[in-house]
Amino acid sequence: MSLLQERAELAGSARQRRERPTMTRSAQARRARRIRHLKDHLVAYGLLSPALAVFVVFFYVPAAYLVYISFFHWGVLSSSTSFVGLENFRRLFAQPLFWHALATSGYYTLVMIPATTLLALGISLVLKEAVTARRGGVWRAAVFLPHVTPVVATSIIWVWIFNPQFGLANFVLEKLHLPALGWLDTTQWALPAVMIDSLWHSLGLYVIIFLAGLANVPRELVEVARLDGARRSRIFRRVILPLLSPTTFFVVILATVNSWQAFSQIYTMTGGPHGGAGGPAFSTTTDALLVYQTAFSFDHFSLAAAMALVLFVIILLLTVIQKWISNKVVFYR
Amino acid sequence: MARIELRGLTKQFGESRVVDEIDLMIDDGEFVVLLGPSGCGKTTTLRMIAGLEPISSGELVFDDKIMNDEPAERRGVGMVFQNYALYPHMTVAANLSFGLASRRGRGSRRVARQKERARVQEIARLLEIEHVLDRRPKELSGGQRQRVALGRALARDPDVFLLDEPLSNLDASLRDKMRMELARLHAELPITTLYVTHDQGEALTLADQLVVMNGGKIAQAGSPREIYARPADSFVAAFLGSPGMNLWPLGAGDNATHQEGLRLPDKIASLSARAGRLGATVGIRPEHLHIAGTRSDLVAHFTCRVQVVENLGSHLLLHGAMIDQARADVVAKLEPQFDVGRGDTISFGARAEHVHVFDAESGARIDDAIHRGGTPLHSHYRRQREAVIG
């Protein structure tokens, strides 16, 4: 080894000696950073945990358990639980009432989506000027009020309104020289009566959502369209509606989910605790109602769980389809 | 194209008058700039002309036709908004043709579409945006958006072109470029144009007629050169120019001629006798201050102590205060080679025609008798009206 190499090695080992404390310091700093990071996370999860616990206990665990029992024969009070595989689903699909309920839910949803969306949009357009005026808050509250009243209470009032003998609905029809209807007593009009109640109850929420959407349409765009010589209808079609499409999409999704899950108003209006809900002759038996009746009236929880799972898959599929359509028609700024 | 006349145009929101009895005449093809600080009513005036804001009182006349109750879409107005207001969900081509399609008359739709396409191409060529016709606004740069906004307003061949601070969202270099583009555009398409801005650079370079507004009123209207040279009041004097005019109190009565710090010739100092109870204000623009002794025709002498020197490349900007009168701040524009530093004392002078005298209370100019041989200054509007109507 030459003297030169020896010197170089000596210098190298001296450098290493000098650098070691530096590396140790940086490792310490890294460790301290990791601990700080961990502490931050612990605090964050600690603060989140009450809400998370509620979610897990009342949502995720029951949902997971629902999937589990749909493959078993399971009773609330029975101790024997046996695995039955897809038997619950086979029985379900073989049951005509299930298909009837599915069709009723589909019909209810198909009517409710356009009805709520169009009506809410129309009302919000009419109210747009009113709510931006000085006492706009009063209008907003008035519109939103039905939505915050309990469904069961208002549905009982609607039962009275639809009473064939002395209800307000037939009184109005009579005044308009139209024939009186049997409403909740007839298979033909029971579901439309429920729809009217649902519409009245849910509209306020959708109107408020549309009003928020309309407030986000820049005023200049409407003004420039006016200067461009566009008529009101053209401004609405070509400027406001496209810019409102994310809101409309949100309302459609919400209306779809709420319609498929509609239960309280149907249960209250068509039978309530006295039994017979979903009548007359199953004309108002929707999927959600059938799930409830199968579980709590017929005491067949695993079949109800299978039904709920099918309902979940249907809503999920519908949402995916709507999302796919929305990518083509919804414009996000 | 149209000749526009505003007769006592007023906009009132509740008790407050945002625009207060404005009189203005705009000739056919003229480029008029409304200039003023924020909240002076210039945008509201523009919106009243566009038909987007109802007129509280007064008359708006386009070519002898009163337009007060005419809806916006029938005024033949094209407008460019500060934030461009492009339809974000449409392509550039659709943005440009929206107005044309909205006004489609009866007849073959195919022919109408062909005409619209041709017009869009023509406008795109004019504004050099042919390559972005298929893009949406969010895919464009600020300058391109600006061009599309201009193109959309021009596509319908408007009689009146209104621009509301159209360059304020652009960066400085692009703003300069677009300013020149606008000047070129107006030279090629001489449409009656009203341009609102708070940027005096834009105002002075673009305007045929400059209208300075303050507190809902027109402070002064005229050519940029005229307004710069002879501001009608101390507000215009201070507002126009970068930096604005130096303004110093002159005092009232006998004190005027013996004002400490500033020595004025008797002819100018005696003007304070015409001023109201608060006396007069003397104004000299920073670029009109010369080092004492460099010229023989200098009057209005004073000495100042330098506090800050800003080197702006093309010139020096000197900030200081008058000696013997510390409250009188001084700003002077000097040649870049001038050697000066903080704490130096410099004596300045200005030529008589560059010394402006205003009433301290009303702000109105009171030295016109000297400079104009005793003829009172007519308002620009009145002179124009006389020229047109007789």
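Note on naming: letters A, B, ... go to the chains in the order of the sequence lines (proteins, then strands), and numbering restarts at 1 for each one.
Remark: side-chain polar atoms of B:Arg17 are not paired, donor with acceptor, to backbone N or O of B:Gly216 under 3.5 angstrom. Under the 3.5 Å distance criterion, the side-chain polar atoms of A:Asp197 are left unmatched by any main-chain donor or acceptor of A:Trp158.
Heavy atoms closer than 4.5 Å to chain B are found nowhere in A:Arg231, neither backbone nor side chain. Only the side chain of B:Phe81 comes within less than 4.5 Å of a heavy atom in chain A; its backbone stays farther off. In this structure, chain A has no heavy atom under 4.5 Å from any part of B:Arg74. Interface remark: B:Arg75 contributes no atoms to any contact with chain A (heavy atom separation under 4.5 Å). Of the two parts of B:Leu100, neither the backbone nor the side chain holds a non-hydrogen atom closer than 4.5 Å to a non-hydrogen atom of chain A. The parts of B:Ala101 that come within reach of chain A are both its backbone and its side chain, each placing non-hydrogen atoms under 4.5 angstrom from that chain.
Using a cut-off of 4.0 Å between Lys/Arg side-chain N and Asp/Glu carboxylate O, A:Glu223 and B:Arg47 are scored as salt-bridged. Salt-bridge formation is not detected for the pair B:Glu122/B:Arg125: no Lys NZ or Arg NE/NH1/NH2 atom is positioned less than 4.0 Å from an Asp or Glu carboxylate oxygen.
Screening B:His198, B:Arg175, B:Gln82, B:Glu202 for a side-chain hydrogen bond (donor to acceptor under 3.5 Å, both in side chains) involving B:Ser168 leaves a single residue, B:Gln82.
Chain A forms the most heavy-atom pairs under 4.5 Å with one residue out of B:Met90, B:Arg156, B:Glu73, and that residue is B:Arg156.
B:Arg136 and B:Thr91 are not linked by any side-chain donor-acceptor pair at a separation below 3.5 angstrom, with hydrogens and angles left out of the test.
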